[in-house]
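To start, the structure under review is shown below, and the notes come after it.
What you see below is based on every heavy atom in this structure, not just the backbone, and it leaves out hydrogens, waters and symmetry mates. In listed order, ligands and their atoms are each counted from 1.
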Amino acid sequence: MHDVIVVGGGYAGMAAALQLLRARRTVLVIDAGQRRNRFASHSHGFLGQDGVDPAKIAAIARRQLEAYPTLTWADGGVATASGSKDDFSVAMENGEVHAARRLLFATGVSDRLPAVPGLAERWGRTVFHCPYCHGYELDRGRIGVIAAGPMSIHQAQLLPEWGAVTFLTNDAVSLEAEARQNLARRGVAIEETPVERIEDDADVRLADGRRLPFAGLFIASRCAPRPRSPNRWAAR
Ligand SMILES: Cc1cc2nc3c(=O)[nH]c(=O)nc-3n(C[C@H](O)[C@H](O)[C@H](O)COP(=O)(O)OP(=O)(O)OC[C@H]3O[C@@H](n4cnc5c(N)ncnc54)[C@H](O)[C@@H]3O)c2cc1C
């Protein structure tokens, strides 16, 4: 019987585990290894770790946790959890069952992207959601914001701090007069021809054949809690 099982050994799960280990608890971390930012080669805006490969940050954190003798780490997915205070049971997808007095879920979220050909392959490389994480590196170049819903209007208004912005509505939003005025006030160009696909680094091929070159693209991805079984994750 462990004191705590932490489901999800990403940054949040490991941070929680660290404090529990330092409080002399026995901790089992179970992790399916699907960190949200696993598509990005560099992480930014995290003090002391700016520009570092996020996989390296996670590996160092895990190594530091493993120095505590009361840590157990299990690679794999949790399929079900049941029980109540002081008597929880967790079943892994590989059939292992573990018991703990407390459960802590740090399973993160997954990102759902619009079904534009070429977008998903570039996620985390030239297609992003967070300008604070990846906007600076675009060097004030041309930025395309591909609409995924009404929140994308806000994203397009935010991004001019990082470069010249074109808002591609892609049939995902209709712009009222007030939204058009707000975008114009921020110097955002509007393109209402649907997007056909993404080409090369981040260029957009439109349905009418035109090609718009960009240094990077942004999407307000839809975040959803992870589905229960990691094997069923279809989203990025
Ligand atoms: C492309 C991209 C780039 C990013 N760049 C940056 C950046 O530069 N700087 C920055 O600060 N933030 C960045 N982020 C945000 C950052 O990735 C998240 O804030 C961070 O990953 C959240 O940590 P977390 O521990 O909550 O979740 P995650 O890192 O997603 O970890 C959750 C863990 O739980 C595991 N898990 C889930 N369900 C189960 C289960 N049933 N059984 C076992 N394990 C399970 C997963 O496999 C995963 O390992 C970026 C995000 C994306 C998408």
Side-chain angles (χ1 to χ4, degrees), residues 2 4-20 27-62 64-65 72-82 88-98 100 103-114 119-138 146 148 151 155 162 198 201-202 216-236:
H2 301 277
V4 183
I5 293 177
V6 176
V7 182
Y11 310 100
M14 286 197 282
L18 178 61
Q19 295 301 350
L20 289 163
V27 178
L28 168 63
V29 176
I30 305 177
D31 183 46
Q34 304 280 296
R35 288 173 296 100
R36 185 183 175 201
N37 64 354
R38 65 193 180 279
F39 308 97
S41 58
H42 298 87
S43 165
H44 291 282
F46 176 10
L47 189 64
Q49 304 288 343
D50 195 43
V52 178
D53 179 349
K56 189 172 170 194
I57 298 173
I60 291 171
R62 178 166 167 177
Q64 291 179 349
L65 290 189
T72 308
W73 186 289
D75 291 312
V78 165
T80 61
S82 57
F88 287 105
S89 174
V90 163
M92 290 181 63
E93 298 207 312
N94 63 10
E96 285 178 26
V97 176
H98 300 279
L103 287 187
L104 194 154
F105 290 92
T107 48
V109 296
S110 60
D111 295 280
R112 314 223 161 190
L113 305 178
L119 204 60
E121 300 92 292
R122 291 167 177 79
W123 182 237
R125 292 194 296 114
T126 55
V127 179
F128 311 104
H129 74 298
C130 167
Y132 298 95
C133 299
H134 302 286
Y136 188 89
E137 281 62 42
L138 300 179
I146 299 182
M151 270 307 286
Q155 191 180 38
W162 286 272
I198 313 303
D201 282 348
L217 298 171
F218 282 81
I219 307 276
S221 62
R222 286 176 192 214
C223 292
R226 306 268 190 188
R228 197 174 58 189
S229 166
N231 287 342
R232 292 205 299 269
W233 293 344
R236 302 298 293 172

Atoms of ligand 1 under 4.0 Å from any heavy atom of Gly8, numbered from 1 in the order shown, are 34 (O), 35 (C), 44 (N)
Ile30 heavy atoms within 4.0 Å reach ligand 1 at atoms 43 (C), 44 (N)
In terms of its nearest heavy atom to atom 37 (C) of ligand 1, the top option of Val127, Thr107, Asn37 is Thr107
Val7, any N or O under 3.5 Å of ligand 1 N or O: no
Under 3.5 Å: N/O of Phe39 near N/O of ligand 1:
no
Heavy-atom distance under 4.5 Å between the side chains of Val52 and Phe46, does that happen here? no
- Task: May I ask you to check whether Gln34 has an N/O atom sitting below 3.5 Å from an N/O atom of ligand 1?
- Result: yes
Atoms of ligand 1 under 4.0 Å from any heavy atom of Asp31, numbered from 1 in the order shown, are 33 (C), 34 (O), 35 (C), 44 (N), 46 (C), 47 (O), 48 (C), 49 (O)
Numbered in order shown, the ligand 1 atoms found under 4.0 Å of a heavy atom of Asp111 are 53 (C)
Q.
Could you tell me if the side chain of His44 sits less than 4.5 Å from the side chain of Glu137, heavy atoms only?
A. yes
query = Going by heavy atoms in the side chains, are Leu104 and Leu20 under 4.5 Å from each other?
reply = yes
Under 4.0 Å between heavy atoms, the region of Phe128 that gets near ligand 1 turns out to be neither
Do Ile146 and Ile198 have side-chain heavy atoms sitting under 4.5 Å apart?
yes
Checking heavy atoms under 4.0 Å, the part of Ala106 that sits near ligand 1 is backbone
- 4.0 Å heavy-atom contact, Gly76 with ligand 1: yes
Atoms of ligand 1 under 4.0 Å from any heavy atom of Gly10, numbered from 1 in the order shown, are 25 (O), 31 (O), 33 (C)
Quick one: does Tyr11's side chain have a donor or acceptor within less than 3.5 Å of a partner on Ile57's backbone? no
Exactly one of Arg36, Arg38, Arg222 clears salt bridge (charged side-chain N to carboxylate O under 4.0 Å, His left out) with Asp111, and that residue is Arg36
In this structure, CG of Leu113 is separated from CZ of Arg122 (nearest 0.5 Å) by 12.5 Å
- Kindly say whether His129 contributes a backbone atom to a donor-acceptor pair with the side chain of Gln155 at under 3.5 angstrom? yes
Of His44, Glu93, Arg36, Arg38, the one whose closest heavy atom lies nearest atom 30 (O) of ligand 1 is Arg36
| His134: heavy atom below 4.0 Å from ligand 1, yes or no? | yes
I want to know if ligand 1 touches Gly77 in the polar sense, i.e. an N/O pair below 3.5 angstrom.
no
* Going by heavy atoms in the side chains, are Leu65 and Met14 under 4.5 Å from each other? -> yes
*asked:* Yes or no: does Gly33 have any heavy atom under 4.0 Å from an atom of ligand 1?
replied: yes
Margin query: Can you confirm whether Arg62 is buried at CZ, in the sense that more than 12 heavy atoms of other residues, nucleotides or ligands lie under 6.0 Å from that atom?
Written below: yes
Quick one, Asp50 and Tyr136 - any side-chain contact, counting heavy atoms below 4.5 Å? no
Here the atoms of ligand 1 under 4.0 Å from any heavy atom belonging to Gly124 are 1 (C)
- Mind checking whether Tyr11 has a heavy atom under 4.0 Å from ligand 1? yes
